[in-house]
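We count ligands from 1, going down the list as the structure has it; atoms in each ligand are counted the same way.
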Amino acid sequence: MSTNQNYNPVKLGIILPCYNEEAILNYSAENLKAEVQKLIQKKLLANDSFICFVDDGSKDKTWQIIETLVNTDKLFKGIKLSTNFGHQNALIAGMFSLKHSADCLITIDADLQDDITVIEEMVNHYNLGSKIVYGVRDNRENDSFFKKFTAQTFYKLMQGMKVRTVYNHADFRLADKVVIEHLEQFGEVSLFLRGIFPLIGFSSSSVYYKRNKRIAGETKYPFHKMLSFAWKGITSFSTAPLRLIFYIGIIMFFLSVGLGIWVVISMLTGKTIQGWASTLLLNLTFSGINMVCLGIIGEYVGKIYQEVKNRPRFIIEKKI
Ligand code: UDP
Ligand code: MG
C-alpha cells in the first residue's frame, strides 16, 4: 500500500458505541488515542480528527468516564443517547450526527476487539479512492467454537438468500461522509448496516485483520440477542422465507394429488373403511390449496415490505 506523502491529511472521526463499558473504556480510549496521535504525526490524519463515544443508555459509569475523557483531551467527543437503542442505532446516531464534522468516519466496537492498527491501512485505501473500507476478520481463532459456528452459519445463510454482505465483516468500517449522506436516504427504521452498506455501492475495498479477545467487561451479545440480530438481518433484506411458503405449498399440492390417486384406488379396490377416503381427500386438497394461497399472500406481503422500506431506487455517484 502506498504511503501518505501525496495526500492531504484526512480528517477522521472514529465512533465507538458503548453499552455498559466502564470496565474497558479507559483502556480503549488510551490505546486509540495513541494510535490516532501516531497517524497525526505521520501527517496521514489531520490534527482535528476525533474519537467519539456514543453512550447507548448505559446503566453503569460509562457516561461519567466519557465526560472525564472529553474534559481532559480535545481529541475526545461524547454523545449520550436517552436510553438503550441497541448497537446498530448507536452507530447510526454517531454517524448521522458527525457526518459534517469529518471527511470520513470509522465505526469500531468499544472493546477494541478489532485491530486498530489497520486504521492506517483503511485511511490509505480511502486516499486511493475507496469510499467504503470494510474491516474483515481473516482469523477467528480467538472466538469460541460456538461463536464461530453461529456467525459463519449466519454469513452463509445471508449469502444463500442473495443478500449482499461482506463475509466475516462486522461493523468495523470506514465510510466517506458522502456515503453516510446516502445512508440517510434509506427510510427504514430497522437499519441492518452490514447489509445496507454493500447496497449503497461506490468503490469499496477491504482490509484484513485478526480479531482479539475481549480483555475486560462482558459481551453485550448473549445468544438470544445474537439470534434476534441474525433474524433481523435476514428479515430486513430477504423475502426468501415468504417465498419458501409458496414452494412448500406447490410441493404439498402435487403430493396431495398423488396421494389422492392412491386414496381413490384404495377405495375402489375396497381396502378401506367408510369415510376414510373422503376425509383424507378433503384434508389433502385443502391443506395444499391453503399453503399455495398463503404463499400468494406472502408474495404480496413481500411487495408491501419492499415498498414500505422506501429505499432509494438509485444513487448517483457523479455527473459530468
Ligand atoms: N453495544 C451497544 N448497545 C447495545 C449492545 C452493544 O452500543 O445494546 C456496543 C457494545 O458496547 C460494543 C459493541 O456494541 O461496543 C459490540 O458489543 P460486544 O463487544 O459486546 O459484542 P461481541 O463482540 O461480543 O459480538
Ligand atoms: Mg466485542
Nearest-neighbour protein heavy atom for [atom], which is reported as residue plus atom name and distance:
atom	answer
atom 17 (O) of ligand 1	Tyr221 CD1, 3.8 Å
atom 3 (N) of ligand 1	Asp56 OD2, 2.6 Å
atom 25 (O) of ligand 1	Lys147 NZ, 2.9 Å
atom 1 (N) of ligand 1	Tyr19 CB, 3.7 Å
atom 6 (C) of ligand 1	Lys220 CB, 3.5 Å
atom 22 (P) of ligand 1	Thr219 OG1, 3.7 Å
atom 19 (O) of ligand 1	Asp111 OD2, 2.6 Å

Review point. What do you reckon, are the aromatic ring centroids of Phe172 and Tyr134 less than 6.0 Å apart?
Key: no

Review point. Are the aromatic rings of His169 and Phe197 close, with centres under 6.0 Å apart?
Key: no

List ligand 1 atoms under 4.0 Å from [X], heavy atoms only on the residue side.
X	value
Arg211	23 (O)
Ala110	15 (O)
Glu21	10 (C), 11 (O), 12 (C), 15 (O)
Gln113	19 (O), 23 (O)

Is the shortest side-chain N to carboxylate O distance from [X] to [Y] below 4.0 Å?
X	Y	answer
Glu21	Arg214	yes
Asp171	Arg194	yes
Glu181	Lys99	no
Lys210	Asp138	no

Check your understanding: Taking the non-hydrogen atoms of Lys213, is any one of them nearer than 4.0 angstrom to ligand 1?
Key ->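 Distance cut 4.0 Å: Lys213 fails for ligand 1.
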
Review point. Do any heavy atoms of Met226 fall under 4.0 Å from ligand 1?
Key: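 It does not, in that no heavy atom of Met226 comes within the 4.0 Å cut-off of ligand 1.
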
Check your understanding: Taking N or O atoms only and a 3.5 Å limit, does Pro17 qualify as a polar contact for ligand 1?
Key ->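 Yes; at least one N/O pair falls below 3.5 Å.
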
Review point. Can you name the residues that form a side-chain contact (heavy atoms from CB on, under 4.5 Å) with Ile40, not counting sequence neighbours?
Key: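 Ile40: side-chain contact (heavy atoms from CB on, under 4.5 Å) contacts with Val36, Leu45, Asn47.
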
Practice item. Decide yes or no on side chain to side chain contact (heavy atoms under 4.5 Å, CB included) for Ile196 and Leu183, but give the supporting numbers first. Key: CA-CA 8 Å; Ile196 292 279; Leu183 180 68; 3.2 Å; yes

Exercise for review: Could you pull out all residues at least two apart from Phe50 that satisfy ring pair (Phe, Tyr, Trp, His ring centres under 6.0 Å)?
Suggested key: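 Once residues adjacent in sequence are excluded, Phe50 has no partner under the ring pair (Phe, Tyr, Trp, His ring centres under 6.0 Å) criterion.
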
**Study point:** Stacked cation flag Arg173 on Tyr126, 6.0 angstrom / 45 deg
**Key:** no

Review point. Is it the case that Lys309 places NZ or CZ above or below the six-membered ring of Tyr305, under 6.0 angstrom from the centre and within 45 degrees of the axis?
Key: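 Judged by the rule (NZ or CZ under 6.0 Å from the ring centre, within 45° of its axis), Lys309 counts as positioned above Tyr305.
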
Exercise for review: Could you see which bit of His87 sits under 4.0 Å from ligand 1, with heavy atoms only: side chain, backbone, both or neither?
Suggested key: both

Practice item. Using a 4.0 Å heavy-atom cut-off, say whether Asn84 meets ligand 1 through its side chain, its backbone, both or neither. Key: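 The answer is the side chain.
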
Review point. Evaluating non-hydrogen atoms only, which member of Gln88, Arg214, Lys225 is closest to atom 18 (P) of ligand 1?
Key: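 When every heavy atom of Gln88, Arg214, Lys225 is considered, Arg214 comes closest to atom 18 (P) of ligand 1.
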
**Study point:** Contact check: Tyr221 to the Mg ion (ligand 2), N/O/S below 2.8 Å
**Key:** no

Review point. The Mg ion (ligand 2) is nearest to which N, O or S atom of Asp111?
Key: OD2

Review point. Say you draw a straight line from CG of Asp103 to CG of Leu174; how long is it, rounded to the nearest 0.5 Å?
Key: 10.0 Å

